[in-house]
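Just so it is clear, the structure is predicted and the values come from calculations on it, not from any experiment. Remember, it's 1-based here, ligands and their atoms both numbered in the order they're listed. Residues: numbered from 1 along the sequence shown. Values below: every heavy atom of this structure, side chains too, minus hydrogens, waters and symmetry copies.
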Amino acid sequence: MKDDILKVLISEEQLAEKVQALGRQISEDYRGKNLLMVSVLKGSVVFMADLMRAVTIPAGIDFMSVSSYGSGTKTSGNVKIIKDLDIALEGYDLLIVEDILDSGMTLSFLIDVLWQRNPKSIRICTLLDKPERRAADVQADYSGFHVPDEFVVGYGLDYAERYRNLPFVGILKPQVYQAESK
Ligand code: IMP
Ligand code: MG
């Protein structure tokens, strides 16, 4: 699996340090609020598992799954809810936990849908941000790392459902996805 990686972009140590810092900040900002962390499956599951343990105030968690990508590397702009939340959102201060903010199409759709359910507030926490690629008007309130416009995998992020279990974030060798799209 590691042979398919061009280079490690963010190491395990860097990830751990950043997650602790984000957890500290979130714990401060949400003190006295009704925090509900919403993880967007499946990419954010590793980040969520680490981030929730770095949060030191009471917090609920829930999961939803949307698809916009199929198995390729470019967004289709076509967002569909595959699995919805279990918890009704009224009265909650939502923190959407995302793996990566790319075009922003996925989050922009999600935020519209979730606002209709009357939460008290909605904020976004993304581990990775590719600001150059933004097509929708979405900004992260908490963001871990800016990454270049290259396809990255690991720490939850996949290419065609693989590489999610790499403990670091790396750049995939282009020949890996070029070979498969032929
Ligand atoms: P957006 O709608 O274009 O912002 O795409 C967001 C989703 O696309 C993320 O939640 C990821 O699942 C996926 N994605 C975007 N860029 C990458 C990448 O470089 N590697 C892996 N998945 C990505
Ligand atoms: Mg994904």
Side-chain angles (χ1 to χ4, degrees), residues 1-12 14-15 18-19 22 37-52 61-85 94-115 122-181:
M1 187 166 56
K2 285 186 181 166
D3 295 345
D4 295 344
I5 301 302
L6 188 67
K7 81 168 198 220
V8 175
L9 202 60
I10 311 167
S11 70
E12 278 188 77
Q14 288 173 300
L15 287 164
K18 186 66 77 174
V19 168
L22 287 169
M37 299 172 72
V38 168
S39 156
V40 186
L41 295 171
K42 304 172 201 169
S44 72
V45 75
V46 179
F47 179 40
M48 176 73 159
D50 286 344
L51 184 65
M52 64 190 271
I61 62 165
D62 204 352
F63 297 87
M64 77 187 287
S65 176
V66 298
S67 86
S68 66
Y69 261 67
S71 64
T73 60
K74 291 250 162 65
T75 192
S76 64
N78 224 339
V79 186
K80 209 168 73 183
I81 296 183
I82 308 290
K83 182 225 172 286
D84 208 337
L85 299 172
L94 282 199
L95 183 63
I96 300 176
V97 177
E98 256 286 30
D99 51 354
I100 186 164
L101 188 49
D102 185 27
S103 73
M105 305 289 281
T106 311
L107 270 186
S108 139
F109 164 85
L110 213 59
I111 287 167
D112 283 350
V113 169
L114 297 179
W115 266 125
I122 301 182
R123 281 186 188 170
I124 297 167
C125 177
T126 188
L127 177 69
L128 308 177
D129 195 352
K130 281 184 187 168
E132 296 90 353
R133 303 234 326 149
R134 206 59 42 79
D137 183 23
V138 194
Q139 276 126 43
D141 301 281
Y142 304 92
S143 152
F145 301 91
H146 281 183
V147 291
D149 184 10
E150 267 164 298
F151 202 76
V152 295
V153 295
Y155 198 70
L157 290 118
D158 73 308
Y159 169 67
E161 294 301 331
R162 287 162 63 195
Y163 311 105
R164 293 192 196 276
N165 54 326
L166 285 172
F168 54 81
V169 173
I171 298 175
L172 197 58
K173 288 181 182 164
Q175 56 263 40
V176 175
Y177 46 86
Q178 276 156 11
E180 280 183 33
S181 63

- Item | Residues that Q14 engages under side-chain hydrogen bond (donor to acceptor under 3.5 Å, both in side chains), provided they are two or more places apart | S11

Show the atoms of ligand 1 that are less than 4.0 angstrom away from any heavy atom in [X].
X    : result
K130 : 16 (N), 17 (C), 18 (C), 19 (O)
S103 : 1 (P), 2 (O), 3 (O), 4 (O)
T106 : 1 (P), 2 (O), 5 (O), 6 (C)
E98  : 10 (O)

[atom2] on [Y] to [atom1] on [X], rounded to 0.5 Å:
X    : Y    : atom1 : atom2 : answer
D129 : L101 : CG    : CG    : 5.0 Å
I171 : L9   : CD1   : CG    : 4.5 Å
M37  : I61  : CE    : CD1   : 8.5 Å
T126 : I100 : OG1   : CD1   : 7.0 Å
D62  : M48  : CG    : CE    : 8.0 Å

- Query: When only distance counts, is V152 in polar contact with ligand 1, meaning an N/O pair under 3.5 Å?
  - Reply: yes

- Task: Say whether G104, considering both its backbone and side-chain N or O atoms, lies within less than 3.5 Å of an N or O atom on ligand 1.
- Result: yes

- Query: Relative to each other, are the rings of Y177 and Y159 parallel, tilted or perpendicular (30° and 60° limits)?
  - Reply: tilted

- Is G43 near ligand 1, meaning one of its heavy atoms is under 4.0 Å from it? no

- So is L107 in contact with ligand 1, going by heavy-atom distances below 4.0 Å? no

Residue part near ligand 1, for [X], under 4.0 Å between non-hydrogen atoms:
X    : value
D99  : side chain
E150 : backbone
I100 : both

- Query: How about D50 and Y155: does a side-chain donor come under 3.5 Å of a side-chain acceptor?
  - Reply: yes

